[in-house]
Every structure is written in C-alpha cells, then in structure tokens.
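Bear in mind the structure is a predicted one, so any value in this text is a computation, not a measurement. Atoms within each ligand, like the ligands themselves, are counted from 1 in listed order.
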Amino acid sequence: MKGKVFLGSLIVVVALGFVFSPCLKAGASETKAFTPKMGNVFVKEISGVKFILQDTVQNAPHNRELKLYVESLGKPLERIIISHSHPHHWVGLEMFYGAPVYATGEVIHEIREQGNQMLLGLKKRFGEKMIPYAKVVIPSFFIYAGEERIDGVLFHYIRPNPKIYGNVLWIEFPEQKTLIHHHLAYVGMHAPMPPIPPRIEMLKKLKGKGYQWIMPGHAMAMGPEFFDRAIEYYNATLRIVKESPDVKTAKEKLIKAYPKYGAVFLLDMMLPAFYKKR
Ligand SMILES: [Zn+2]
Ligand SMILES: [Zn+2]
C-alpha cells in the first residue's frame with residue numbers, strides 16, 4: 001500500500017538549492033528520456049520516491065538544461081525550496097515562473113536585502129551572457145522547522161545552528177532515510193569549512209541515524225559511507241593545518257592527500273581562516 005501511495009512521487013534537488021516535488025495526482029504522463037550533461041547528477045529511488053540531484057553552477061546554459069530536465073519528467077512543478085541565500089542556489093529562478101518558491105524567513109530576508117547586490121556580483125564575475133537574469137525572485141512562501149507531508153511524502157525541515165552553518169535549511173525524509181544538508185561537509189571536493197570540530201560532532205551524530213542516502217550541498221551524493229569519508233577529510237585537514245606553517249603548505253598537502261578532489265580554489269578561500277588567530 002505504501003508503495004502505491006509513493007509511486008510516481010518525485011523529489012528533484014538541484015544544485016542543492018532547489019527541491020522540486022512534482023504532484024503525484026497529475027497522473028501518468030510520458031517521460032522522454034533526457035539525461036542532463038552538466039554538473040554532477042545522482043538519481044536514487046527509495047520507497048517509491050525518486051531523488052534526483054543535479055549539482056550545477058547555475059549559469060544560463062546549466063539552468064536551461066535543468067529546465068529541460070524538469071520538463072522531461074512530465075510532472076507539474078509543485079514547489080521550489082530555496083535552502084539558503086547563496087546566489088548560486090537561486091539565480092535564474094525567473095525561468096520557473098509560476099512555481100511557488102519557499103524559504104525560511106531568514107533566507108527570504110537575506111535575498112530581499114542583498115539579492116540585487118549578489119546578482120550584480122555574479123554578472124560582473126561571469127558576464128551578462130552567463131548570467132542574463134534581470135531580476136531577483138524573492139521566495140514568497142515561508143517554511144518553518146518541523147514536519148510537513150506533501151503528496152504523501154514526509155518532509156522534516158531542520159534549521160541547524162546558524163552560528164556554525166549560516167541560515168540554511170536541511171531536509172530529512174524520515175520514511176526514505178534520506179538527508180539533504182548544506183554547509184556541513186562534502187565528499188569529492190575541497191571545502192574545509194571552519195569550525196571543523198562541531199561539524200565532526202554533527203557528522204557522528206547523523207551517522208547514528210541510519211540514513212541510506214545523503215545529498216550534501218554540492219559534490220557527491222552517496223550512502224552511509226558519506227559520514228566516515230567526510231569525517232576522515234576533516235580530521236586530515238585538522239592534522240595538516242596543525243603541521244603546516246602557512247596556507248600555501250597546507251593547501252599543497254591537502255591536494256596531495258586528496259588528488260581527485262575538485263574545487264581546489266575553495267582552499268584559497270577557506271584555509272586562511274585556520275591561520276587567523278595563530
Ligand atoms: Zn552555500
Ligand atoms: Zn552552494
């Protein structure tokens with residue numbers, strides 16, 4: 001019975017900023033085979049709910065492909081959830097005109113206050129061709145911490161400590177034992193986010209919850225091995241920072257220890273924070 005209720009339900013998570021939950025009641029419609037080529041794509045079906053993660057950089061070519069992908073699913077776009085205000089999680093939202101956009105009050109406030117500035121910054125950095133968007137779409141529906149059932153699927157909205165993670169929304173799907181989180185840890189890319197010790201504590205706590213599928217803000221989605229791999233990277237970072245006199249040495253050692261990890265540029269942005277007080 002449960003399987004029937006969930007059949008056809010679909011959650012699409014894009015660049016981890018968006019969660020699309022197309023309506024189950026729309027009935028069967030044809031789905032043309034269309035596979036996105038841009039970004040990392042992970043698809044996992046658990047208890048009749050299909051989770052699709054497309055981690056893109058949110059420029060126009062990526063967004064256009066994303067839109068085609070969503071359309072190819074042949075289901076109405078029921079809801080877009082913006083997890084936090086970083087612009088690569090919402091730029092281009094106007095392409096999905098008409099879909100209700102949800103966020104927490106803090107995120108709505110941040111986008112309203114700083115959205116124009118962030119959009120201009122992206123245009124300056126990547127050019128009008130890549131970021132051709134004219135306006136900031138401010139989410140118009142509030143999301144609160146707690147549980148909500150949408151189309152038979154239970155969503156549990158979690159707001160972790162903003163002093164550590166910023167104003168982000170995590171979503172747990174208790175019945176599918178799936179977790180979407182942000183600013184906690186990534187596997188497959190360099191992002192040593194300070195402070196590390198409370199993040200390791202959180203990873204250990206979450207590891208005990210028995211999740212089957214974990215979708216972090218970027219990089220790779222994976223099973224429960226996510227936690228050990230993320231903890232290992234963080235421990236390595238702490239060790240390397242301790243034994244390295246400066247950012248440059250620490251960066252070289254981290255790249256050597258994780259040669260396959262992407263987003264090396266983030267090391268230049270994040271490692272200096274570990275040397276500030278020394
Ligand atoms: Zn972010
Ligand atoms: Zn992000």
- Yes or no on ring-ring contact (aromatic ring centres under 6.0 Å, His included) for His181 and Phe226, after CA distance, side-chain angles and deciding distance? CA-CA 12 Å; His181 64 72; Phe226 169 82; 5.2 Å; yes
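The atom of His218 that is an N, O or S and sits closest to the Zn ion (ligand 2) is NE2.
The side chain to side chain contact (heavy atoms under 4.5 Å, CB included) search around Ile255 returns His190, Lys251, Val264, Leu267, not counting sequence neighbours.
Using a 4.5 Å cut-off between side-chain heavy atoms of Ile, Leu, Val, Met, Phe, Trp and Tyr, with links allowed through other members, Ile52 and Met38 fall into different hydrophobic clusters.
Distances under 2.8 Å from the Zn ion (ligand 1) pick out the protein N/O/S atoms His84 NE2, His86 ND1, His183 NE2.
The heavy-atom pair separating Pro192 from Met270 by the smallest distance is O-CB, 3.6 Å. Residues Ile131 and Leu122 approach most closely at CG1-O, 3.8 Å, considering heavy atoms.
When the options His183, His182, Arg159 are evaluated for a side chain to side chain contact (heavy atoms under 4.5 Å, CB included) with Trp170, the one that passes is His182.
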